[in-house]
Amino acid sequence: MRHFTIDDFYYLLWALEWTVLLSLMAFVGGGLVGALLALFRISRWRALRIVATIYIQIAQGTPLLIQLFIWYFGLSLFGTKLSPFTAVGIAMTMYSSAFFAEIWRGSIEAIPKPQWEGAASLALTWLEQLRYVIVPQAIRLSLPSTVGFMVQVVKNTSLAAFVGFVELARAGQLVNNVTFEPLPVFGSVALLYFVVCFPLSVLSRRLERRFHGGGMQVISS
């Protein structure tokens with residue numbers, strides 16, 4: 001047994017890089033899939049709406065930890081073994097995409113109907129209406145919620161420890177097993193999570209204050 005040292009803190013910093021990488025993967029991958037799902041949810045084709053709804057209900061209605069276990073342990077029953085990093089990446093992408101889809105769908109549907117009618121009067125196709133008129137306004141409405149959800153994504157990366165992937169939370173466990181000093185170890189882990197999450201929380205609140213009034217003025221003009 002030894003004391004918690006600066007080298008241990010550097011090890012936590014190294015693990016933080018993987019936490020940030022997993023968060024970015026969930027944001028990029030989940031964002032791309034979520035954008036597609038949002039389009040499916042507002043599609044004129046009923047089949048696409050049903051497919052997107054089922055996907056979202058499953059992803060939102062089951063704990064992220066269970067989804068992670070299915071991808072990591074469940075597939076092994078069928079002879080497919082994913083690495084912890086791959087399993088975590090897929091699970092977090094699926095989970096994040098469902099929430100991003102609903103955030104963005106809600107923002108799109110919040111745009112007043114006259115905006116759609118005005119775009120249609122200009123002989124724009126449905127996709128052109130989305131691209132040039134609806135989506136730019138919806139982005140302003142969705143930014144605070146999108147950034148706010150990123151805080152949850154960062155904290156959810158701690159679940160990767162359950163499949164042995166060494167990110168910040170798992171690194172804290174490993175260091176604590178050696179030092180038996182939980183207060184400085186997990187205090188440092190909490191501090192590093194705070195350093196990442198607090199700026200996102202502040203940014204979300206500022207975006208909400210900035211776009212709440214300005215955004216509504218734009219879409220109602």
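Note that these values count all heavy atoms, side chains included, but never hydrogens, waters or copies made by symmetry.
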Tell me, please, which residues at least two apart from [X] pass side chain to side chain contact (heavy atoms under 4.5 Å, CB included).
X      : value
Leu32  : Val28
Leu75  : Trp71, Thr80, Leu82
Pro184 : Phe4, Glu181
Ala119 : Leu124, Gln129, Val133

Would [X] and [Y] show up in the same hydrophobic cluster when neighbours are defined by side-chain heavy atoms closer than 4.5 Å?
X      : Y      : value
Val88  : Leu65  : yes
Leu122 : Val135 : yes
Val195 : Phe198 : no
Ile58  : Leu48  : no
Leu37  : Ile108 : no

Problem set entry | Residues Thr86, Ser83; criterion side-chain hydrogen bond (donor to acceptor under 3.5 Å, both in side chains); working and verdict | CA-CA 5 Å; Thr86 303; Ser83 67; 2.8 Å; yes

[atom1] of [X] to [atom2] of [Y]: how many Å apart, nearest 0.5 Å?
X      : Y      : atom1 : atom2 : result
Phe69  : Phe73  : CZ    : CZ    : 5.5 Å
Ile50  : Ile54  : CD1   : CD1   : 6.5 Å
Leu22  : Leu168 : CG    : CG    : 11.0 Å
Leu12  : Thr19  : CG    : OG1   : 10.0 Å
Ile90  : Ile70  : CD1   : CD1   : 12.5 Å
Ser188 : Leu16  : OG    : CG    : 12.0 Å

Under 3.5 Å donor-acceptor, [X] side chain and [Y] backbone:
X      : Y      : answer
Asn156 : Gln152 : yes
Ser204 : Leu200 : no
Thr157 : Val154 : yes

Among pairs that include at least one residue of [range], which meet salt bridge (Lys or Arg N to Asp or Glu O under 4.0 Å), considering only residues two or more places apart or in two chains?
range            : result
residues 153-174 : none
residues 117-132 : none
residues 5-32    : Arg2-Asp8

For this session: Please lay out, stage by stage, how Ile42 and Leu130 fare under the test side-chain contact (heavy atoms from CB on, under 4.5 Å).
Result: CA-CA 11 Å; Ile42 63 172; Leu130 282 174; 4.1 Å; yes

Problem set entry | Nearest non-hydrogen partners of Ala26 and Val153, listed with the distance |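 Here Ala26 and Val153 meet closest at CB-CG1, 3.7 Å.
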
Exercise. If you look at every heavy atom in Ser201 and Val151, which pair is closest and at what distance?
Worked result: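 Taking Ser201 first and Val151 second, the nearest heavy atoms are OG-CG2, 3.6 Å.
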
Exercise. So which pairs with a foot in residues 22-50 pass side-chain hydrogen bond (donor to acceptor under 3.5 Å, both in side chains), sequence neighbours left out?
Worked result: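 The answer is Arg41-Thr53, Arg41-Glu102.
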
With heavy-atom distances below 4.5 Å as the criterion, would you say the side chains of [X] and [Y] are in contact?
X      : Y      : value
Ser96  : Phe27  : no
Gln67  : Pro63  : no
Tyr55  : Ser97  : yes
Lys81  : Tyr72  : yes
Gln115 : Gln137 : yes

Exercise. Looking at residues at least two apart in the chain, or sitting in another chain, which of them share a side chain to side chain donor-acceptor pair (under 3.5 Å) with Glu109?
Worked result: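 Checked Glu109 against side chain to side chain donor-acceptor pair (under 3.5 Å); matches are Arg105.
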
Exercise. Which residues satisfy the ring-ring contact (aromatic ring centres under 6.0 Å, His included) test with Phe9, sequence neighbours excluded?
Worked result: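 Residues passing ring-ring contact (aromatic ring centres under 6.0 Å, His included) with Phe9: none at all.
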
Exercise. Do other residues, nucleotides or ligands put more than 12 heavy atoms under 6.0 Å from Leu77 CG?
Worked result: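 Check passes, neighbour count above 12.
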
For this session: Test side-chain contact (heavy atoms from CB on, under 4.5 Å) on Thr146 and Trp104 and set out the steps.
Result: CA-CA 8 Å; Thr146 299; Trp104 297 338; 3.0 Å; yes

Problem set entry | Pairs satisfying ring-ring contact (aromatic ring centres under 6.0 Å, His included), at least one member in residues 130-159, at least two apart |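 Output for this query lists Phe99-Phe149, Phe100-Phe149.
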
Problem set entry | ring-ring contact (aromatic ring centres under 6.0 Å, His included) contacts in which one or both residues fall within residues 161-191, not counting sequence neighbours |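 The answer is Trp18-Phe165, Phe85-Phe165.
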
For this session: Check the pair Tyr95, Leu68 against side-chain contact (heavy atoms from CB on, under 4.5 Å), reporting the backbone distance first and the verdict last.
Result: CA-CA 10 Å; Tyr95 183 79; Leu68 179 56; over 6 Å; no

